[in-house]
Every structure is written in C-alpha cells, then in structure tokens.
Number of protein chains: 2
Amino acid sequence: MRLVIAECSVTYAGRLNAFLPPAKRLIMIKADGGVLVHSDGGSYKPLNWMTPPNKLHVADPSESQRDEGIIELWTVQSQKVDDHLIISIYSIEHDSSHELGQDPGLIKDGVEADLQRLLSEQIHLLGTDYKLIRREYMTAIGPVDILAKNSTGETVAVELKRRGDIDGVEQLSRYVELLNRDPLLAPVHGVFAAQQIKPQARVLAEDRGFETLVLDYDAMRGVDDADSRLF
Amino acid sequence: MRLVIAECSVTYAGRLNAFLPPAKRLIMIKADGGVLVHSDGGSYKPLNWMTPPNKLHVADPSESQRDEGIIELWTVQSQKVDDHLIISIYSIEHDSSHELGQDPGLIKDGVEADLQRLLSEQIHLLGTDYKLIRREYMTAIGPVDILAKNSTGETVAVELKRRGDIDGVEQLSRYVELLNRDPLLAPVHGVFAAQQIKPQARVLAEDRGFETLVLDYDAMRGVDDADSRLF
DNA sequence: CGGTAGATCTCGCCC
DNA sequence: GGGCGAGGTCTACCG
C-alpha cells in the first residue's frame, strides 16, 4: 500500500463525469491496484476512486500544465471498463509504501442470514406445531425467506428483516399474492418477522392481514448456544 | 488526518458484531473524528470504520493483553449511537499526521437527467405517434418521470431508471394507480423504461400490465449529437 | 428532522 | 460469470 499526501485535482470519466478542484488530499494505492482519494472528512466513501484491476501510469505534464503548477500527471485506467481517473499533482507532502500482506478478513455476526438460520431452527417461535418447509423458497419474483406450515397444515410465508419497515411488508405482499395463485399452496398466510418493527410497517402489515413477530436475536442465539452445548 | 500502519485486531460492536483477526492494516483517523481501517485490497469500503462524531480513547493494555503482545488499546466510541470500535495495537510501523484543510468537494455531471431529456426528445421510442405531455409531471406522491399520449390519445406514464428493478415497478404502480383516479387522464398506461431491466422486474411489470422498454443510451446520445450538429 | 430514491454503490450468495 | 438481495449501506434531496 502506497500512501501519498498531495495537492491535487482529480478528474473521473466513465459511468459519469466528476471533477475535484485542487486541494490537499490522501491518495491511497492498494496492492491490488485499487486507488482511493480521501479528504479529511466525511464518512468512509472516498471523494473519488478506481476499483481494481487497473493500471497506474505516471506522465510528465505538458508545457501549459507545467505553467499551472502541475508537476506530475497520474492516469489510472480501469482494465475492466472504459473508466479512468486523471490525478494532477501540484505538490507532494508525503509518500510512503508499506507491505501489508493478505488480510484474514472480517467475521460478522448478527446479519439477516443468522436470523434466518436461527428462526428455521426455532420454527416454534412462529406458533405451536409449525413445520419448516424450506428456507429461500424460490419464486419467479425472488426467494421467500422461510416457507412453513402451521398447525392446521396451511402454508405460511415469512419475510425476515433485521429492521422491519414498509419495504419489507411490500415484499411480503408480493410473495403472498404470488404464492396464493398456486392451488397446491393456497391459502398462504404472511408473517412479517424482524428484530425491530417500525410502527408504520406494523400498521401496514396488519392492514394486509399479516402477522407480525418481533424476534429477540440474543435470546435466539442463546438457545442456539445451549443447543450446541448438548453435542 | 493521521495515518497509522499497525499490526492490529479490531472489534466492532453496535448494529452488529464483527471481528478482525490480527494483521497489518492502515488506520486512518480523519479531522472530523471518522476512523477507517483498510486492508491492502478490496474496493473503497473499509474493513471496519466508525462514522463521526466519535471519541478516540487510548488506554494501556491489561496484564493479560500485554502478555498477548498488545501494546495499546484504542477505543472509538460513537457520540450518536451505542456503537464502538476497539482496536488492539500489537505494533506500529508508521504514524504520521497531516493538515489537509477543508475540501472544495466533488462536482458531478449526472446521467439520469440526460436519459430523461433524451427520451423526451425521442418520444417516438415509446411507439409511433406518441406525444410528450411533460417531464416531471407532479403528483401528490411525487413526480412522474414522463407523461405522454399514445397514438389513440390515451395517457401513458413512464418510469425511467438506469437499472430497472422491482422497486421501480412498484413506483410506477403507485403512479399509475393514482393517475387512474383522475377521470381527465384515465385510462393511464404504464411504461417501465430502463437501460437494463432485471428479469424479475420484467416479470412483475408485465404482470402489472405495464409495457417494458430497454433504452440504448449510446444510440440515443448519438441521435442527440446528430440533431445538435444540424444547428 | 425524517422519509425516499440513487449509487462509479459494495459485498456475498447461489444458480 | 450473471443475477439478485442486503448493507453498520452512504448520500443528496425534499417535505
């Protein structure tokens, strides 16, 4: 990884055109060729960047560019698409390179996939005598998170979210409507399950005739851990 | 901006839990308090980060942590939400600070607006004898991208996207439903137009009775350029 | 301030 | 490799 602090202006041309006026910024060049231009504020998104793979070419400025104070012209050309960055360097304050090696990567816990696995394993949270049909039940408009049968043998479609808002209820509505056209499955009931359900989403879900279910992730994980310890 | 290259492990606890095993990484501390942890690969997203405002606290390791090789413990606590990063430092290879100042910011040159302008000018792409009523036709629930009349004088509402997926079809559905309540406009037909339409979005659009239209931006721009050259 | 829609989205999964 | 959905999404815009 190479870190350069430089007075620079940046032009991006590709899927859109963008321009950064001259200012002092960090230019990060990663080992895989990725280039990031960061200012000293904002969130994690760079002002400008180029996704690898790409090729960095350093050129001398033209006469007129030299007159404007440009000492180097960096061109970052994407190898995949017709995108490029042009970085005009006015001055370099810092320039260092570091060998970082391969990163072991991030281990995540508590995303929708975890919730889905836990609810599948603890399908009784939906109600007494519920049976799992399958997770990620495929339809023409996308996968239903969980398909189950209730105690009377009727089909139940579960839409699972970490944060339940209106979009999720709309999604569930589409699935339930589609599934209900299948005589082998109908009647299909909808369950909207989430760690947190926003009031507007709850109202809409109930209005559509869906059950709502608030999930306690920590408790579900606790049960999971307890189960694991039995083996 | 402070740049630190260090052997470190990172724990995030907040909306989810995440852990980074020990490795050499870049830790970027921005002037506004934002903290980014980058590896030497991947795109612009850091492995871990903390959005400002937040507070960085440096502490000495405990006895047992010292035995593991940890020389410093950095805690980054969000001032807004109950999120924090804990960075365990094993060794520091590089540490430098730089005064960057305020950034003038990015100037973008949009694409979606162009697409709308081009389709308005080339309204025949919708079909023979179509007439433009207007762009950005305002309704109570937002602006309809393009409103037109077809060859038999019926109203057509166009939802325009760069990439057409299910959300866009839902948006069009809301508009068409609302517009159809207006006896002066009804019957209103829906057209879902995009540079690229995802299969599931196409299925949903056709199911809702909408026409789908794939737009060739380059061809449309080419026609536009040709038109421009006539003047 | 909250809600919505776009993004040079990124990232991960599954066919 | 393409398609699809989620994201600690981020970001701008609009009320």
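Residue numbers begin at 1 in each chain, while the letters A, B, ... track the order of the sequences. Computed from a prediction, not measured in an experiment: that's the story for all the values here.
- Following rounding to the nearest Å, A/Leu36 (CG) and C/dC9 (C1') show an atom-to-atom distance of 13 Å.
- B/Pro53 has its side chain within reach of B/Lys80: a pair of non-hydrogen atoms, C-beta onward, lies under 4.5 Å apart.
- Atom-to-atom, CD of A/Gln77 to C1' of C/dT8 comes out at 14 Å; the value is rounded to the nearest Å.
- Between A/Arg162 and A/Leu115, some side-chain heavy-atom pair lies under the 4.5 Å cut-off.
- For the pair A/Arg135 and C/dC14, the criterion of a side-chain N or O lying under 4.0 Å from OP1 or OP2 is not met.
- We find that B/Asp83 and B/Arg15 are joined by a salt bridge, their nearest charged nitrogen and carboxylate oxygen being less than 4.0 Å apart.
- Spacing of C1' atoms, D/dC14 relative to C/dT8, comes out at 24 Å, to the nearest Å.
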Going 5' to 3' through nucleotides 4-12 of chain D, assign each nucleotide B (protein heavy atom under 4.0 Å from a base atom), S (under 4.0 Å only from sugar-phosphate atoms) or - (no protein heavy atom that close). SSSSBSSS-
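- Following rounding to the nearest Å, A/Asp109 (CG) and C/dG12 (C1') show an atom-to-atom distance of 17 Å.
- Between the side chain of A/Gln79 and the backbone N or O of A/Pro52, no donor-acceptor pair lies under 3.5 Å.
- The gap from the P atom of D/dC4 to that of D/dG8 amounts to 22 Å, rounded to the nearest Å.
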For a salt bridge (Lys or Arg N to Asp or Glu O under 4.0 Å) check, start with the C-alpha distance between B/Arg208 and B/Glu170, then their side-chain angles and the critical distance, and finish with the verdict. CA-CA 10 Å; B/Arg208 296 268 168 89; B/Glu170 293 288 6; 3.3 Å; yes
Determine whether B/Leu215 and B/Leu119 satisfy the following criterion, side chain to side chain contact (heavy atoms under 4.5 Å, CB included), listing intermediate values before the conclusion. CA-CA 9 Å; B/Leu215 300 172; B/Leu119 183 56; 4.2 Å; yes
